[in-house]
Trainee: 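First, the structure itself, so that you have it in front of you.
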Amino acid sequence: MLETAPGLLNAVLRHGDVAVRLTEVEAYDGANDPGSHAFRGMTRRNAVMFGPPGHLYCYFTYGMHVCCNVVCGPVGTASAVLVRAGEVVDGIEIARERRPGAKDRDLARGPARLCRALGIELGHDGTDLVAGPVTLEPGESPADVSTGPRVGLRAAPDRPWRFWITDDPTVSAYRPAAPLRRGSR
DNA sequence: CCCGTGATTCTCT
DNA sequence: GAGAATCACGGGC
């Protein structure tokens with residue numbers, strides 16, 4: 001169940017009293033994938049991607065956001081699945097407190113939002129998803145899955161490795177690519 | 001639409 | 001060792 005990105009759809013990611021049903025994920029294929037953190041080989045930050053599957057890879061980006069991936073390949077492959085969005089199915093009061101002002105369906109609509117709603121921090125990097133404190137429970141296969149290009153990646157945007165549950169309102173809005181506003185070319 | 005934010009990594013000396 | 005470039009985003013206007 002951890003081997004494929006679409007297999008994670010409908011799975012429930014839980015941290016303490018808050019749980020999120022995953023509705024949108026994105027695959028990253030380690031060393032073969034220019035969009036992956038692991039493309040240039042193992043570094044200190046991405047080390048857990050190279051480790052055993054079923055662990056959580058958390059990273060910090062854009063100066064203020066934490067995102068998390070599920071490591072899914074065997075040791076040495078660095079394959080991971082970015083958790084992009086989901087629906088809060090338990091502990092919604094706590095999630096609301098963590099995200100003041102957000103509408104319920106936006107609580108975990110986006111990778112960084114999802115982590116914040118769940119209370120996932122950098123310290124959870126490397127967490128074993130069976131032992132916890134963050135856990136992943138498989139769910140039923142979704143009735144209808146859509147695929148498309150990945151979001152916000154400048155490298156290899158053509159790989160249709162984003163998977164989401166068709167028509168689910170908690171799937172994040174599609175953004176073609178993150179513009180680079182620092183040098184003007 | 002446009003901007004902040006800080007860690008990590010790369011490259012050059 | 002130092003400085004520059006990059007980053008898989010969200011919120012505010």
Side-chain angles (χ1 to χ4, degrees), chain A residues 4-6 8-9 13 20 22-51 53 55-73 77-88 95-127 134 136 146-164 169-185:
Chain A
T4 64
L8 288 175
L9 291 173
L13 193 62
V20 168
L22 306 184
T23 57
E24 182 184 359
V25 297
E26 228 169 63
Y28 286 85
D29 181 21
N32 301 317
D33 182 355
S36 169
H37 284 174
F39 182 54
R40 291 185 189 258
M42 179 159 64
T43 62
R44 193 173 167 192
R45 176 170 69 169
N46 66 26
V48 333
M49 291 178 86
F50 289 82
H55 285 236
L56 198 63
Y57 166 49
C58 304
Y59 67 92
F60 186 77
T61 191
Y62 285 95
M64 56 187 96
H65 301 301
V66 176
C67 302
C68 67
N69 298 241
V70 174
V71 178
C72 61
T77 51
S79 294
V81 176
L82 172 67
V83 176
R84 289 199 53 86
E87 175 197 2
V88 176
R96 284 185 188 131
E97 284 176 20
R98 287 180 178 146
R99 307 221 41 225
K103 304 175 65 169
D104 283 356
R105 73 159 217 186
D106 287 336
L107 288 174
R109 189 172 182 239
R113 294 164 164 184
L114 183 146
C115 286
R116 189 173 333 164
L118 280 174
I120 291 176
E121 303 168 27
L122 282 183
H124 294 106
D125 190 34
T127 296
V134 182
L136 183 68
S146 299
T147 68
R150 296 185 292 189
V151 178
L153 264 185
R154 298 195 297 137
D158 53 320
R159 306 194 181 194
W161 288 349
R162 174 175 174 242
F163 303 88
W164 66 94
T170 62
V171 170
S172 65
Y174 175 62
R175 216 193 291 174
L180 185 61
R181 19 173 246 301
R182 222 177 192 102
S184 54
R185 64 184 277 275

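Just so we're clear, the structure is a prediction, and the values are computed from it rather than from any experiment. Naming convention: chains lettered A, B, ... in sequence-line order (proteins, then strands); numbering from 1 in each chain.
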Trainee: Just by distance, do the side chain of A:Arg113 and the backbone of A:Leu107 share a donor-acceptor pair under 3.5 Å?
Mentor: no
Trainee: Mind listing the N/O atom pairs, protein and nucleotides 11-13 of chain C, below 3.5 Å?
Mentor:
unit_1	atom_1	unit_2	atom_2	d
C:dG11	OP1	A:Arg99	NH2	2.7
C:dG11	OP2	A:Arg113	NE	3.1
C:dG11	OP2	A:Arg113	NH2	2.9

Trainee: Identify, residue by residue, the members of residues 33-48 of chain A with a heavy atom below 4.0 Å from DNA chain B, and return them in order of residue number, or none.
Mentor: A:Arg40, A:Thr43, A:Arg44, A:Arg45
Trainee: Is the ring of A:Tyr62 stacked on the base of B:dT5, with centres less than 5.5 Å apart and planes under 30° off?
Mentor: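 Taking the rule of under 5.5 Å and under 30°, the ring of A:Tyr62 does not stack on B:dT5.
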Trainee: Between atom CD in A:Glu26 and atom P in C:dC7, what is the gap in whole Å?
Mentor: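 That distance rounds to 15 Å.
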Trainee: Toward the 5' end of DNA chain B, which comes first, A:Met64 or A:Phe60, by nearest nucleotide?
Mentor: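 Taking each residue's closest nucleotide, the earlier one in sequence belongs to A:Met64.
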Trainee: Can you name the side-chain hydrogen bond (donor to acceptor under 3.5 Å, both in side chains) partners of A:Arg98, sequence neighbours left out?
Mentor: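 side-chain hydrogen bond (donor to acceptor under 3.5 Å, both in side chains) list for A:Arg98, sorted by chain: empty.
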Trainee: With the side chain of A:Ala112 defined as its heavy atoms from C-beta on, choose the nearest nucleotide among B:dA7, C:dG10, C:dA8.
Mentor: C:dG10
Trainee: Determine: side-chain N/O of A:Tyr59 to OP1/OP2 of B:dA7, distance under 4.0 Å, yes or no.
Mentor: no
Trainee: Go through the structure and list residues passing salt bridge (Lys or Arg N to Asp or Glu O under 4.0 Å) with A:Glu87, not counting sequence neighbours.
Mentor: A:Arg21
Trainee: Is there a side-chain contact between A:Leu114 and A:Val83, using heavy atoms and a 4.5 Å cut-off?
Mentor: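 Yes, their side chains come closer than 4.5 Å.
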Trainee: Answer whether the closest heavy-atom distance between the side chains of A:Phe163 and A:Leu9 falls below 4.5 Å.
Mentor: yes
Trainee: Could you walk me through whether A:Tyr28 and A:His37 pass the side-chain hydrogen bond (donor to acceptor under 3.5 Å, both in side chains) check?
Mentor: CA-CA 9 Å; A:Tyr28 286 85; A:His37 284 174; over 6 Å; no
Trainee: Between A:Leu82 (CG) and C:dA8 (C1'), how many Å, whole number?
Mentor: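 Rounded to whole Å, this separation is 6 Å.
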Trainee: Please confirm whether the backbone N or O of A:Gly30 pairs with a side-chain atom of A:Asp33, one donor and one acceptor, at under 3.5 Å?
Mentor: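 Judged by distance alone, no pair lies under 3.5 Å.
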Trainee: For the aromatic rings, using the six-membered ring if either is Trp, is the centroid distance between A:His65 and A:Phe60 under 6.0 Å?
Mentor: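 Between A:His65 and A:Phe60, the centre distance exceeds or equals 6.0 Å.
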Trainee: Ignoring the backbone of A:Pro111, work out which of C:dG10, C:dC7, B:dG4 is nearest its side chain.
Mentor: C:dG10
Trainee: Are the side chains of A:Cys72 and A:Thr4 in contact, using a 4.5 Å heavy-atom criterion?
Mentor: no
Trainee: Measure from CZ on A:Arg150 to P on C:dC7 and round the result to the nearest Å.
Mentor: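 From A:Arg150 CZ to C:dC7 P: 13 Å.
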Trainee: Return yes if some donor-acceptor pair links the side-chain N/O of A:Arg84 with the main-chain N/O of A:Arg109 below 3.5 Å, else return no.
Mentor: no
Trainee: Does A:Thr170 have any side-chain hydrogen bond (donor to acceptor under 3.5 Å, both in side chains) partners at least two apart in sequence or in another chain, and if so, which?
Mentor: A:Thr23, A:Asp168
Trainee: Whole Å only: how far is the CG atom of A:Leu122 from the C1' atom of B:dG6?
Mentor: 11 Å
Trainee: Dot-bracket, DNA chain C: Watson-Crick or G-U, under 3.5 angstrom, [ ] crossing, | other strand?
Mentor: |||||||.||||.
